[in-house]
Participant: 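Before I ask anything, let me first share the structure, which is written out below as structure tokens.
For ligands, and for the atoms within them, numbers begin at 1 and follow the listed sequence. In this text the structure is predicted, and so the values were computed from the model without any measurement.
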Amino acid sequence: MTSTVETLPGELINGLYREGSPIADTKAPKVPLRDRWEERKFNARLVNPANRRKMHVIVVGTGLAGSSAAATLGEAGYNVSAFFYQDSPRRAHSIAAQGGINAAKNYKNDNDSVFRLFYDTVKGGDYRARESNVYRLAEVSANIIDQAVAQGVPFAREYGGLLDNRSFGGVQVSRTFYARGQTGQQLLIGAYQALERQVAAGTVQTFRRHEMLELIVVDGRARGIVVRDMVTGQVETHLADVVVLATGGYGNVFYLSTNAMGSNVTATWRAHRKGAFFGNPCYTQIHPTCIPVSGDYQSKLTLMSESLRNDGRIWVPKKKGDDRDPRQIPEDERDYYLERRYPAFGNLVPRDIASRAAKQVCDEGYGVGPSGRGVYLDFAEAIGRMGRAAVAAKYGNLFDMYQRITGEDPYQVPMRIYPAVHYTMGGLWVDYDLQSSIPGLFVTGEANFSDHGANRLGASALMQGLSDGYFVLPNTINDYLADAPFEKVPADHPAVVDAVESVRARINHFLTNNGTRSVDSFHKELGQIMWEYCGMERTEEGLKHAIGRIRELREEFWRDVKVLGTNEELNQALERAGRVADFLELGELMCVDALHRRESCGGHFRAESQTEDGEALRHDDQFAYVAAWEWTGLGEPPVLHKEDLVYENVEMKQRSYK
Ligand SMILES: Cc1cc2nc3c(=O)[nH]c(=O)nc-3n(C[C@H](O)[C@H](O)[C@H](O)COP(=O)(O)OP(=O)(O)OC[C@H]3O[C@@H](n4cnc5c(N)ncnc54)[C@H](O)[C@@H]3O)c2cc1C
């Protein structure tokens, strides 16, 4: 079956959105791919060191993307203010990253190269990423490892002392550097040390427990932010020459996800409302190896790192509803369905393929565990081959974590896993310089619409966040700041006053509304709608239904939400109310984006767009573009700007991992 779209410029489409003029990245130089980054660095204007001291940069977020950016800009001599909502940068969600970080070092001599990493990433993203950015990411990847090693990040080493590598999904080489199952934590300690060094040097000032609630735009440029001190409740204004958002992803719109509980969309959504286009909001990554949902009162899902698929084998019983102890099920009664269907990549197919395959076998009734929503990830063969000690050395902390959560010992019985929301490829649209559609607003890490297209290959988010923060932004931001310092913005400027008043009005509304429903109950209901209709499988009918329900829920939220406590204290219900309010707007845009994209790509299976044998079907003739959405007001149809994706160095093909 194929699908078609009819879009008449300017007209209301499906009653939901309008199409505006196309958008394009104008910053990537028009030279061969291999020379683009060098050329851009050379052409970008510079700011001399004495002038940098006169300029003020705001960085919001101190995860890997933000810490690395703030530290590097501080070291370059800029005055940096870094904001984050945790009590320490070391608690950013980046700390959760387990499995590793990719780099095209070819240490294993297995024919890896910058071009192969570029190629794998474009293909893995189902040909929905920008070639220029992905190539630069692959190029810079090797520098990240050198930088981290110089900082003392304890990457795993082989017996002889060389850095070790392992494989992740969607590739046939070993290029993933790792620090046991704690890669994000160790990289974050490195970035945090670099940040603290600048704090001690006086170039960076950190603002802990400060949540950005509004962006200040003056004369079309981003000039500052409004934050709430989460301990005292004080609403503050901070003004600068340029603003960088490194505020992470929005997977928590689904309520249940592997993200930290605090991960949210507020910073990027407030910027979107002020004019920053939102790119590909419907692109969400569903990770295949998570611990299955166990009950109604759960608020968080746990990832089991993809690295486990290097040695673990995924299977389900061949007989539907087979509830025998898995160890009693003989080999010939097991279906190692990934190895069977994708012999070339086997258990290391990309995440979207592995997730969809798990959903399929469970939908067909072969799932295991109490809910029937689970498949086995089995280490019996690996333990037999390598020995328990070797398996423990590689994955010990992940096994311990699984045992603590489920009460089952994965050395003895296979793990049970099921896909869960994990990462968001969508985010604020940025050009090659990482600048959004608002001049002076730069966006890095998971918060931007990213280099991953419709699906992120494992171990490439850390790579992107650190590439953005250590190497890309510090080179491109100068080009913008070459025109700074800009005229001082007075504290009573109408744009500042309006932003502060809107923040105060929202806080006041939440605290005085006195409704009957908790914030979490709305969040949970929104999450159920998103998972059901905008999750792994989407249909036109379902998405339209979801949009209607989200609108009703949003109306009810503003009418009936109850937030206890006061503003002048640490008030988590108040914090969450603001975040859920933004999720309720984002959720609708995600569904509109998913509805308009009538193709299956990445992990996004559109039931109306499948091959005769039920495989995902892309429509490159109609959808090879980035969807960049413009906000036009609450309840108003958003405007879609298309950025055409041009592939000059790889050929767009239907993906095959067979
Ligand atoms: C369980 C898990 C395991 C993962 N494992 C891997 C892996 O092995 N390899 C890999 O490549 N990727 C992995 N990822 C993905 C990767 O960890 C993230 O994509 C990446 O760390 C995001 O980094 P970031 O700096 O962009 O954002 P984050 O680390 O989420 O940091 C966001 C920052 O923004 C701040 N912030 C947010 N909103 C506001 C606001 N309104 N005001 C003020 N501050 C704000 C926060 O305080 C925080 O400092 C994993 C993800 C998960 C969930």
Participant: Excluding sequence neighbours, so at least two apart, what forms salt bridge (Lys or Arg N to Asp or Glu O under 4.0 Å) with R576?
Facilitator: D520

Participant: Do T203 and E75 meet the criterion of a side-chain donor-acceptor pair at a distance under 3.5 Å?
Facilitator: no

Participant: For H93 and T258, work out which heavy atoms get closest and say how close.
Facilitator: CE1-O, 4.3 Å

Participant: Please check if any side-chain donor atom of N102 sits under 3.5 Å from a side-chain acceptor atom of T176, or the reverse.
Facilitator: yes

Participant: Taking atom types as modelled and ignoring hydrogens, do the side chains of Y395 and D311 form a donor-acceptor contact shorter than 3.5 angstrom?
Facilitator: yes

Participant: In terms of side-chain heavy atoms, does S167 have a donor or acceptor partner in S174 at a distance below 3.5 Å?
Facilitator: yes

Participant: Collect the protein residues that have a non-hydrogen atom under 4.0 Å from ligand 1 and hand them over in chain and number order.
Facilitator: V60, G61, T62, G63, L64, A65, F83, F84, Y85, Q86, A92, H93, S94, A96, A97, Q98, G99, G100, H210, E211, M212, A246, T247, G248, T258, N259, N264, A267, L303, H422, Y423, G445, E446, R456, A459, S460, A461, L462

